[in-house]
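Contents: one structure, followed by commentary.
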Amino acid sequence: MIVEKTGVIPSLPSQNQKRQRTVTEFVGEGHGTPIVVVDRQATVEQIDCIIQSLNRRKNDLITSNRVFRKLLLSDTLEKLRAMKASELAEVQKQLAMIDTDQKTISEELFALREGGQLHSVLQSPENFPMTPNPQTVPEEIFPAAQMVDSGSGQQSPGAASQCFEKASSSPALRERKSKVKINLSALCDTYVEMREKSDLETFEKNLHEFTNASTVRCLAAFAFADAVGTSTIVSSVEFDKDYELFAVAGVSKRIKIYDYNSIVADGMHMHFPLIEMNSSAKISSVVWNDFLRNHIACADYDGGVTVWDALTGKKNNTFQEHQKRAWSVDFNHCDPKVLASGSDDMKVYIWSTDTAHSINSLDAKANVCCVQFSPQNRHILAYGSADHSIHVYDLRNTRYAFAVLKSHKKAVAYVKFMSEWELVSASTDSTLRLWDLKAVNGPAAVKTFTGHHNEKNFVGLDCSGNYIATGSENNSLCIYHRAMPKPAVLYKFEAPRESLARTLMKTDGGEFLSAVAWKKDSNVLVAANSQGLIEVLEMS
């Protein structure tokens with residue numbers, strides 16, 4: 001739009017003055033300065049000249065703008081091409097690796113079908129890393145007793161080919177292929193990640209373990225409550241050092257010790273503890289001593305830390321230095337006398353059963369939700385806190401943290417070591433993270449796990465081998481394999497119809513899983529929820 005603007009006139013002009021006015025300023029819309037000044041008496045030729053000049057200027061601006069846009073586009077395309085060329089080179093590298101691995105497997109399958117290596121494969125313990133499960137590979141698929149001659153140790157004629165055909169058409173293989181298809185994108189990332197660091201057998205092992213975990217079945221179920229219609233949050237479940245007994249504790253202020261074999265043998269019937277210990281406050285955490293089977297410690301809502309004798313039900317030690325609720329306690333896995341606790345008072349205390357008072361302390365600067373000693377290193381302690389971080393300390397030098405791991409978006413509720421320098425953390429941001437404390441470029445998160453729901457409650461965390469179990473606020477158990485970011489198994493937690501626990505439960509729809517504990521070197525775990533339902537589960 002062109003606006004006609006005249007000079008400043010102090011009073012209304014006469015008709016004569018209007019005729020005498022000869023200068024007009026044309027101002028472009030949105031600009032405060034004139035771009036053209038034209039005499040009102042200018043001729044047509046003069047105006048045409050001005051218009052031509054303006055058109056040339058307009059064309060110059062249009063051309064300049066086009067050049068600007070094309071240069072920007074050209075630079076962007078150049079960068080995109082370089083990025084995609086790099087990706088293509090990486091994809092071609094990965095394809096070459098896949099082709100090589102596929103050729104290797106094809107040759108191995110040919111040899112197995114011809115019977116050249118099958119016997120040695122069956123005898124290798126590395127092919128069966130976990131407790132054998134008869135549902136994994138049924139006898140009709142691989143009838144091992146018929147595959148080799150008992151006298152010569154060689155395969156009987158045609159046995160290998162027969163087993164090969166049965167395996168290739170088995171329902172178990174179809175189920176695993178289906179699981180691979182569902183998780184193909186994540187498996188691709190896992191394959192590339194693993195093959196850059198290790199051999200094909202490592203990926204094969206992890207693939208087998210991930211696809212092997214498909215279902216969870218309940219071996220036994222019972223209620224923590226003593227009376228019909230009552231319920232109580234179970235805050236902690238832990239096995240003893242021999243994995244024969246397990247302790248269950250919660251806000252009912254009681255610790256109950258159960259015999260695992262008796263519980264499984266009785267299945268869905270009423271179960272009674274071997275012994276029961278009564279605390280003066282609600283219990284948030286329990287842990288067994290790795291060396292002294294009868295020693296069990298608990299942390300409570302009053303800030304107390306107590307070491308009990310599980311045989312007599314009496315207190316051995318009571319530590320009362322925390323000023324607020326103590327959330328977590330853990331025995332040192334290399335020294336039976338040392339334990340640690342963390343509290344809302346922003347303190348981590350180190351205790352000795354030989355001393356009445358703490359022997360060391362850490363100033364956490366935020367509420368401490370969990371503490372955990374390294375399983376192989378007596379000096380390494382990790383704790384998670386409300387500052388969204390995991391703090392790792394070498395207790396020989398507590399002036400500075402060995403590492404501060406920052407990646408979670410909310411409070412860190414649990415930390416569990418998977419090995420001396422690897423740990424898993426659980427946060428109320430609904431993620432788990434696997435950390436490598438000895439990574440080349442410094443401690444770092446190497447995997448993030450998502451698929452469970454956890455925004456405000458303690459839902460439990462435990463590890464066994466390459467499996468990680470945690471709870472969810474939709475009352476489900478979630479089991480991950482360390483190689484995969486998504487759950488290997490999901491299990492809806494509810495009392496089986498045939499169990500007596502069902503008659504004792506008082507549900508309101510807001511239940512959540514609150515504690516989990518693996519039975520070492522097995523596919524069995526114990527889990528409990530906020531209504532006091534306890535189940536012994538087997539993953540298969």
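This structure is a prediction, so every number in the text was calculated from the model and none was measured.
In this structure, Ser514 contributes its side chain and Ser235 its backbone to no donor-acceptor pair below 3.5 Å. In terms of modelled atom types and a separation under 3.5 Å, the side chain of Asp345 and the main chain of Gln323 share a donor-acceptor contact. Listed for the Glu276 side chain is no donor-acceptor partner under 3.5 Å among the backbone atoms of Ile257. One N or O on the side chain of Asp429 and one on the backbone of Lys409 form a donor-acceptor pair closer than 3.5 Å. In terms of modelled atom types and a separation under 3.5 Å, the side chain of Ser476 and the main chain of Ser472 share no donor-acceptor contact. One N or O on the side chain of Asn523 and one on the backbone of Met539 form a donor-acceptor pair closer than 3.5 Å. Under a 3.5 Å cut-off, the side chain of Lys256 and the backbone N or O of Ala247 do not form any donor-acceptor pair. The backbone N or O of Ser284 sits nowhere less than 3.5 Å from a side-chain atom of Ser236 that would complete a donor-acceptor pair.
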* Asked: Please walk me through it: do Val524 and Leu537 pass side chain to side chain contact (heavy atoms under 4.5 Å, CB included)?
  -> CA-CA 6 Å; Val524 171; Leu537 305 168; over 6 Å; no
* Begin with the C-alpha distance, continue with both residues' side-chain angles, and end with the deciding distance and a verdict on side chain to side chain contact (heavy atoms under 4.5 Å, CB included) for Tyr383 and Val415. => CA-CA 7 Å; Tyr383 70 81; Val415 290; 5.8 Å; no
* Verdict with supporting geometry, Lys347 and Glu321, salt bridge (charged side-chain N to carboxylate O under 4.0 Å, His left out) -> CA-CA 10 Å; Lys347 290 284 188 180; Glu321 293 184 31; over 6 Å; no
* Would Leu187 and Asp189 satisfy side chain to side chain contact (heavy atoms under 4.5 Å, CB included), going step by step from the backbone distance to the final call? -> CA-CA 5 Å; Leu187 279 168; Asp189 294 338; over 6 Å; no
* To do: Show your reasoning for whether side chain to side chain contact (heavy atoms under 4.5 Å, CB included) applies to Thr232 and Lys253.
  => CA-CA 10 Å; Thr232 180; Lys253 304 180 182 181; over 6 Å; no
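Remark: Lys179 qualifies as a cation-pi partner of Phe210 under the 6.0 Å distance and 45° angle criteria applied to the six-membered ring. Remark: Lys241 is not positioned above the aromatic ring of Phe291, lacking an NZ or CZ atom under 6.0 angstrom from the ring centre and at most 45 degrees off the axis. Stacking of Lys520 on the aromatic ring of Phe239 is not recorded, the 6.0 Å distance cut-off and the 45° axial limit not both being met.
For the pair Asp462 and Leu525, the minimum side-chain heavy-atom distance is 4.5 Å or more. A heavy-atom distance below 4.5 Å is found between the side chains of His208 and Arg176. Residues Ser252 and Phe224 are in side-chain contact: their nearest non-hydrogen atoms beyond the backbone lie under 4.5 Å apart. Side-chain contact between Ile263 and Phe246 is present, with at least one heavy-atom pair separated by less than 4.5 Å. Annotation: side chain of Lys416 is in contact with side chain of Gln372 (closest heavy-atom distance under 4.5 Å). Proximity of Lys519 to Val526: side-chain heavy atoms (C-beta onward) are nowhere separated by under 4.5 Å. Proximity of Leu437 to Leu405: side-chain heavy atoms (C-beta onward) are separated by under 4.5 Å at one or more points. Proximity of Lys486 to Asn183: side-chain heavy atoms (C-beta onward) are separated by under 4.5 Å at one or more points.
In this structure, Phe373 has its ring center at least 6.0 angstrom away from the ring center of Phe417. Separation of the Phe402 and Tyr393 ring centroids does not fall under the 6.0 Å cut-off. In summary, the aromatic rings of Trp288 and Tyr243 are positioned with their centroids too far apart to meet the 6.0 Å limit.
We find that Lys205 and Glu209 are joined by a salt bridge, their nearest charged nitrogen and carboxylate oxygen being less than 4.0 Å apart. Ion pairing between a basic and an acidic side chain is recognised when a charged N comes within 4.0 Å of a carboxylate O; Arg293 and Asp242 show such pairing. Here Arg195 pairs with Asp101 in a salt bridge; the nearest charged N to carboxylate O distance falls below 4.0 Å. Ion pairing of Asp394 with Arg396 is present here, as a side-chain N (NZ or NE/NH1/NH2) and a carboxylate O approach within less than 4.0 Å. The pair Glu455-Lys410 fails the salt-bridge criterion, with no side-chain N (NZ, NE, NH1 or NH2) lying under 4.0 Å from an Asp/Glu carboxylate O. Under 4.0 Å is where a charged nitrogen must lie from a carboxylate oxygen, and between Asp436 and Lys438 no such pair does. The pair Asp309-Lys314 does not count as a salt bridge, with every side-chain nitrogen at least 4.0 angstrom from each carboxylate oxygen.
If you take OG on Ser374 and CG on Leu381, they are separated by 10.0 Å, rounding to the nearest 0.5 Å. Note that CZ of Phe203 is 10.0 Å distant from OG of Ser198, once rounded to the nearest 0.5 Å. Distance CE/Met484 to CD1/Ile468: 12.5 Å, rounded to 0.5 Å. With rounding to the nearest 0.5 Å, the separation of OH in Tyr467 from CD1 in Ile479 is 9.0 Å. Between the CD atom in Glu538 and the CG atom in Leu219 there is a gap of 5.0 Å [rounded to 0.5 Å]. Note that the OG atom of Ser279 and the CG atom of Asp302 stand 7.5 Å from one another [nearest 0.5 Å].
No more than 12 heavy atoms of other residues, nucleotides or ligands sit less than 6.0 Å from atom NZ of Lys456.
Partner Leu432 forms a side chain to side chain contact (heavy atoms under 4.5 Å, CB included) with one of Asn454, Leu461, Thr450 and no other, that one being Leu461. Results of the side-chain hydrogen bond (donor to acceptor under 3.5 Å, both in side chains) test with Lys337 over Thr355, Asn317, Asp354, Thr353 single out Asp354 as the only residue that passes.
Using modelled atom types and a 3.5 Å distance limit, the side chains of Trp308 and Asn316 yield no donor-acceptor pair. Counted by atom type alone, Asn474 and His453 present zero donor-acceptor pairs between their side chains at under 3.5 Å. Using a 3.5 Å distance cut-off with no hydrogens or angles, the side chains of Trp327 and Ser285 do not pair a donor with an acceptor. Looking at Glu196 and Tyr191, their side chains never bring a donor and an acceptor atom within 3.5 Å of each other.
Ring pair Trp351/Tyr349 is tilted by interplanar angle, where 30° to 60° counts as tilted.
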